2 protein chains.
Amino acid sequence: MDLKKPYLLFLGDAADPLAAKVAQGIKQWHPEYCVGQFRLPECQADCGLPDMSISEAVKAGAKTLVIGVANRGGVISEQWLDVLVEALEAGMDLASGLHNRLNDIPALTECAKANGRQLFDVRYPTQTYPVANGRKRTGKRLLTVGTDCSCGKMYTSLAIEKEMRSQGMNVDFRATGQTGILISGSGVSVDCVVADFIAGAVETISPDNSDDHWDVIEGQGSLFHPSFAGVTTGLIHGAQPDALVLCHEPTRTHMRGLADYSVPDLKECMEANLATARLTNPDVRFVGVSVNTSQLDEAEAMSLLDNIETELELPAVDPFRQGMSRIVKKLG
Amino acid sequence: MDLKKPYLLFLGDAADPLAAKVAQGIKQWHPEYCVGQFRLPECQADCGLPDMSISEAVKAGAKTLVIGVANRGGVISEQWLDVLVEALEAGMDLASGLHNRLNDIPALTECAKANGRQLFDVRYPTQTYPVANGRKRTGKRLLTVGTDCSCGKMYTSLAIEKEMRSQGMNVDFRATGQTGILISGSGVSVDCVVADFIAGAVETISPDNSDDHWDVIEGQGSLFHPSFAGVTTGLIHGAQPDALVLCHEPTRTHMRGLADYSVPDLKECMEANLATARLTNPDVRFVGVSVNTSQLDEAEAMSLLDNIETELELPAVDPFRQGMSRIVKKLG
């Protein structure tokens, strides 16, 4: 799954800024991928990119219109169809991470076919993957893992990639979820592959590489989340991580969506992840803790980070407040 | 996925008895489901059932023709098609656990539609499953886990179900792979569901039940097999087992298919399975060890079982040599 760049970001009729968070993410991490944004009159979001019509975007070089907005239920709105058809006819591909598929809408599939364009539903794997072989690969790998789902693993991974790149290191972000795929332009949504191929899919997106190269692999789920730990386990085994970064959201009172399951202790969580990861890489180690302190004030955040750092003897940072340089230093 | 019984077992052109092991399994565990067998002239296998033509089988009450033979590559042979079409026209459904699908063969799908019959490709889930909710269910559950893949988990589970049933216990076998589904007539092939729904599929096939009821759930893979441990993890979490039985094949020199991965120590394997299972059932415990000693002579087997029993302080039996009564006793 490789999206052609640059993108026109489609913000559609976003009801508020949060509805366009996928577009915001692409703009934040890769402004150089974005020629502009397309907004319908009622749009309540703004990525700060030039507003463009379809024909203006094509003139500016846009190769793919990326749906960067979600509405309730993840559906592709009737209201969007005219624009999407216009983009296909003007020569752009379409990409979407929504639950409902572009490829299930006859008006789009017919138009894409007639114009030789592609429709990318990045949530759904289009290739088959091999069963994992567990063979040790060349190059180095960092994987983010979490105390819970949705606690900052993608953000942390992108922040680490950015820091490493700024230091001139040889690095690639490897996306394992739909938003990460849209942001980086490639990857696999591992929770959507057939169960037998979870680890094999991760081996595939993180192949042999040069000795100085790092893959920064986006984690998914948590070993402590009873709905998704199977995905997490396969992802860890396929990643063969040399380095792990633990991601944590300190204000959560229970595991996401499951009131009866408590968030694990950080040390217990680290031990479980190390035990799992050692199967395919006995030399795995933690290099840091990434804490999303957005719900805390500055003093609370710094005190919490200090405590974690003392207890775990690892750099503990908020990627938004402090950046990732202290964790990246541990990779040397 | 519920197959209509009784079955006509299709042995086709089996090249040797091993090629018909699925049919043998059905006959072994549920002879009462089988009215007869269908063999082509060149068939080299025999389940010891009456040979029947399609019309004889229909007269004897057969509702489903089950493909109980595998040929190289798991394909559905051209040679079989005439018989399969005849069975559909005579009023039977078809069921197959092969990799290639009955539902991909137009001659069969058209004939099934014209005759109001169903084609069951039991390897491929036909329903969607919810994401697991981790809610503690009523009733009791036993799950088989293994040091490796293909080390006797299905056989052990079926032997436990049979022993419990013979003692008048309230029990159901829950199949999680294609052969188990064909043997028992229902279940889900968990390694073929989308990764997000592994645990949810297992929750679905093992629902709330009466307090005295046991589900005996067929395990898959191994926490120590780097290709499939994600499936195993999701299965364990969805099963919420009260009781675990460890399955082991003592002559294996490395993990199946992976020469670089050694088979885990039994105690280490038990600890890892308990740690994983405790997430959804803190009271989980091991009740026995099931060892496939078919490669050992009687004296070697008994000595090995004695040693395991002493080391682990649990009944260690070969289900084929000794049956499951000592393990079932531990459930009381």
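Not measured: the values here are computed from a predicted model. Lettering of chains follows the sequences in order, A, B, ..., and the numbering in each one begins at 1.
- Per-residue counts of heavy-atom pairs under 4.5 Å with chain B were compared for A/I236, A/V231, A/T232; the largest is that of A/V231.
- Note: A/N133 CG to B/D260 CG = 9.5 Å, rounded to the nearest 0.5 Å.
- Using a 4.5 Å cut-off between heavy atoms, A/L223 touches chain B through its backbone atoms (N, CA, C, O) alone.
- Only the side chain of B/F228 comes within less than 4.5 Å of a heavy atom of chain A; its backbone N, CA, C and O stay farther away.
- If you measure heavy-atom distances from A/Y261 to chain B, the contacts under 4.5 Å come from the side chain alone.
- When all heavy atoms are compared, the tightest approach of B/H237 to A/P226 is CB-O, 3.9 Å.
- Residue A/A132 comes nearest to B/S227 through the heavy atom pair O-OG, 2.6 Å, listed as atom of the first residue, atom of the second, then distance.
- More than 12 heavy atoms of other residues, nucleotides or ligands shown are found within 6.0 angstrom of CZ on B/R252.
- More than 12 heavy-atom neighbours from other residues, nucleotides or ligands sit within 6.0 angstrom of CZ on B/R137.
- How far CZ of B/R135 is from CG of A/L258: 12.0 Å, rounded to the nearest 0.5 Å.
- A/C192 and B/V194 get closest at one heavy-atom pair: CA-CG1, 3.6 Å.
- B/I198 has its side chain out of reach of A/T233: every pair of non-hydrogen atoms, C-beta onward, lies at least 4.5 Å apart.
- Counted within 6.0 Å of NE2 on A/H254, heavy atoms from surrounding residues, nucleotides or ligands total more than 12; the atom is thus considered enclosed.
- Heavy-atom contacts from other residues, nucleotides or ligands closer than 6.0 Å to CD of B/Q127 number more than 12.
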